[in-house]
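Below you'll find the structure, written out as structure tokens, and then a few comments.
All values derive from a computational prediction rather than experimental measurement.
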Amino acid sequence: MATKKKILVVTGNLSHLDQFVIHGLFKELSDSVQVILALPQSEFEGERWAKLPSEFKNSFEKVMPYKYDTKSKKTGSQLGEALTFRFRNLASGYRTRLRNKFFIGLRVPSKWQNFSGFAVLFRNRGEVWQRIIKEFPSFIRGTRVFFWLWSRIAISKICKYCELSEVAVNESPDVIVVLMQRQAGFVVAAIDAGARAGIPTLLIPVKWDNASSKSPLVKKPTRMLVYNQQLVEVCSRMHKMPITSIVAIGSVEVGTKKKISATNQPENLVLIGSTADASSSATWLKCVSDVLSRIGQTKNQFKTIWRPYPTGDSKSLNFMNEFVTSHTQIELDDDIKRGMSHRAQSISFDDVSAAYFRYCELLNSAVVVVSEGTSAIIDSRARGIPVILPAFKKDAVIGSQWCNLIGYEHLRGLRATTGVFIAEDESELERLLTDFLENPRRIEPDNSGENIFVDHRTYAQRVLDVIDAVLIDTVLIDASKN
């Protein structure tokens, strides 16, 4: 009987595992391979791990705690920020990220290099100066001469204080799978450990934008698995990796055997926010409210549910409550009210799981989704639900949906995504929203893989197919050397 392949799954945060466990990825993988989990010692000893249900823990054959020192975490964060400065010319997404760091929330015009832009900066000079001071160390680390030396010291420090190399050697897996939200210290250490031990590494971004919106990779995995074909070219350019090493496999949340069918009789108009500052959505939310008032309750058969981005910021929470109080046609999502979103890291796995399925039910019930640039767009389109993205061009400011749409590479493909409609002004939003409310319909997703990737395989099988291909390549490369 053939020995099962062994996969070492590396994460730096327990919450990164939630969606994969909810969708049974590791359970399905364990039917054909050995799945071993490596997570930080602090996470293993924490209260959340102790309270996890057996369903979660039994997804893994073995759990290997590893030392992940604060020095490694801090240096990893510094390295990611420095990389964004150093390679900002590689991608508009990096430049957009940097502009947002300095100017978001200050109402700085998108075309700010003129008199009106400088006038806004002058009025906010105190806040701008504070942000410059905060980001100045990252800028210095990202300068060409300094980065060359400092990055080598930083990588050595990260790997020294993150003991994944020992885990890789002791477990000797066939492949290392790293779950990445951003280029944290454990990501660098895991890829480095694989390279030193001659073990192939697969990098799986946790969310849609994680592969392309943060910073270029300083250590290259054997394969990076992304959501769709559009991101293949983007990530190849951003991370300076061969295009053959980037593989589109879709999302763990979308695919065969997933209950993602929208209801035949939709009940809700769903509004989705993407930023922690809920007030930034005020313009298009008021536009939606005006449309609902004009249609009237007798004609509008749908309830309107607003689901802002989860936040604990008191100013943003106050705005949410004040807005729904003054615009009674719109209701605030119950999970956002209670701080029980599936994105929350402070609640139990059972609560995360329950919240996630409530989110799915909300999308399934939608007649149309009006969403800012979040993964809710992909989730909705996989269900055949039309999506309207409000990105108003006129008077756009840095950090607005318009600037993000033209700046971030993962959002640019939305213009060519079937069933996604970009509303560049209030009149277009009103026209589209009125149309879908008065003439409800589904629009089948284009599953070609360009923007929505779905095929006959489960997500686990797609991962396994990539692993098999990588191991075959590794054998061929070793044979050629001999």
Side-chain angles (χ1 to χ4, degrees), residues 18-20 22-25 206-209 226-231 248-274 288 301-307 309 333-336 341-343 353-390 410-411 413-423 432-433 435-460 462:
D18 289 345
Q19 294 303 311
F20 297 103
I22 287 171
H23 289 281
L25 170 64
V206 176
K207 285 293 181 183
W208 173 38
D209 66 320
V226 297
Y227 267 45
N228 53 40
Q229 293 291 350
Q230 186 245 348
L231 286 176
I249 67 165
S251 162
V252 70
E253 301 173 50
V254 177
T256 185
K257 298 182 181 179
K258 302 295 181 191
K259 295 180 179 179
I260 60 170
S261 300
T263 57
N264 293 325
Q265 294 184 328
E267 302 171 352
N268 298 312
L269 163 60
V270 178
L271 316 176
I272 305 286
S274 68
V288 170
Q301 56 185 312
F302 307 107
K303 183 187 293 185
T304 303
I305 308 295
W306 176 33
R307 188 181 173 93
Y309 192 85
D333 180 76
D334 284 339
D335 281 345
I336 299 299
S341 163
H342 66 282
R343 290 177 177 266
S353 182
Y356 172 73
F357 286 112
R358 287 194 295 271
Y359 162 75
C360 290
E361 289 172 5
L362 179 64
L363 290 187
N364 288 340
S365 71
V367 59
V368 62
V369 172
V370 182
S371 177
E372 296 178 344
T374 76
S375 55
I377 296 174
I378 301 298
D379 297 338
S380 301
R381 286 305 305 129
R383 291 167 164 80
I385 299 168
V387 175
I388 303 171
L389 172 58
H410 70 284
L411 294 176
L414 294 176
R415 287 192 179 277
T417 303
T418 304
V420 176
F421 303 87
I422 312 296
L432 288 166
L433 188 55
D435 179 27
F436 282 112
L437 289 177
E438 295 183 346
N439 304 286
R441 59 195 182 277
R442 296 289 180 234
I443 301 175
E444 288 303 308
D446 173 10
N447 294 333
S448 64
E450 184 63 23
N451 294 293
I452 309 291
F453 189 100
V454 180
D455 63 16
H456 65 281
R457 300 169 296 168
T458 63
Y459 185 84
R462 293 176 211 158

Discussion item. Determine whether a donor-acceptor pair (N or O, by modelled atom type, separation under 3.5 Å) exists between the side chain of R307 and the backbone of I305.
Written reply: no
Worksheet, complete the sentence: For V420 and R381, the nearest pair of non-hydrogen atoms, with its separation, is CG2-CG, 3.7 Å
Fill in: Flag, side chain of R442 to backbone of R383, donor-acceptor distance under 3.5 Å
no
Worksheet, complete the sentence: Closest non-hydrogen contact found for I388 with P390 is O-CD, 3.4 Å
Discussion item. Please find the pair of heavy atoms, one from I385 and one from L363, that lie closest to each other, and give the distance.
Written reply: CD1-O, 2.7 Å
Item to complete: Nearest 0.5 Å please: distance from the CH2 atom of W208 over to the CG atom of L411.
Response: 5.0 Å
Practice prompt. In sequence, state the C-alpha distance, the side-chain angles, and the governing distance for V387 and T417, and then conclude on side chain to side chain contact (heavy atoms under 4.5 Å, CB included).
Written response: CA-CA 10 Å; V387 175; T417 303; over 6 Å; no
Worksheet item: Below 4.5 Å, heavy atoms only, C-beta onward: do D379 and Y359 meet side chain to side chain?
Response: yes
Worksheet item: Do Y356 and E253 meet the criterion of a side-chain donor-acceptor pair at a distance under 3.5 Å?
Response: yes
Item to complete: Hey, could you give me the CG/CD1 distance between L389 and I377, rounded to the nearest 0.5 Å?
Response: 5.0 Å
Practice prompt. For side chain to side chain contact (heavy atoms under 4.5 Å, CB included), just list the numbers for I443 and F421, CA-CA rounded to whole Å, side-chain angles, deciding distance to a tenth of an Å, and then say yes or no.
Written response: CA-CA 12 Å; I443 301 175; F421 303 87; 3.8 Å; yes
Discussion item. Measuring only between side-chain heavy atoms, which start at C-beta, is V368 closer than 4.5 Å to F302?
Written reply: no
Fill in: Side-chain heavy-atom pair K207, T374 within 4.5 angstrom cut-off
no
Discussion item. Measuring only between side-chain heavy atoms, which start at C-beta, is N228 closer than 4.5 Å to L231?
Written reply: yes
Discussion item. Keeping N268 on the side-chain end and V270 on the backbone end, is there a donor-acceptor pair under 3.5 Å?
Written reply: no
Worksheet item: Yes or no on side chain to side chain contact (heavy atoms under 4.5 Å, CB included) for F436 and L269, after CA distance, side-chain angles and deciding distance?
Response: CA-CA 10 Å; F436 282 112; L269 163 60; over 6 Å; no
Item to complete: Might you point out which heavy atoms bring A382 and P445 nearest each other, and give the distance in Å?
Response: O-CG, 3.9 Å
Discussion item. Nearest 0.5 angstrom please: L25 CG to R462 CZ, how far?
Written reply: 11.0 Å
Discussion item. If you compare all heavy atoms of Y309 against all heavy atoms of S274, which two are closest, and at what distance to 0.1 Å?
Written reply: CD1-O, 3.6 Å
Worksheet item: So, for Y459 and G250, which heavy atoms are closest and what is the spacing to 0.1 Å?
Response: CE1-O, 3.5 Å
Discussion item. Could you tell me if the side chain of I422 sits less than 4.5 Å from the side chain of R415, heavy atoms only?
Written reply: yes
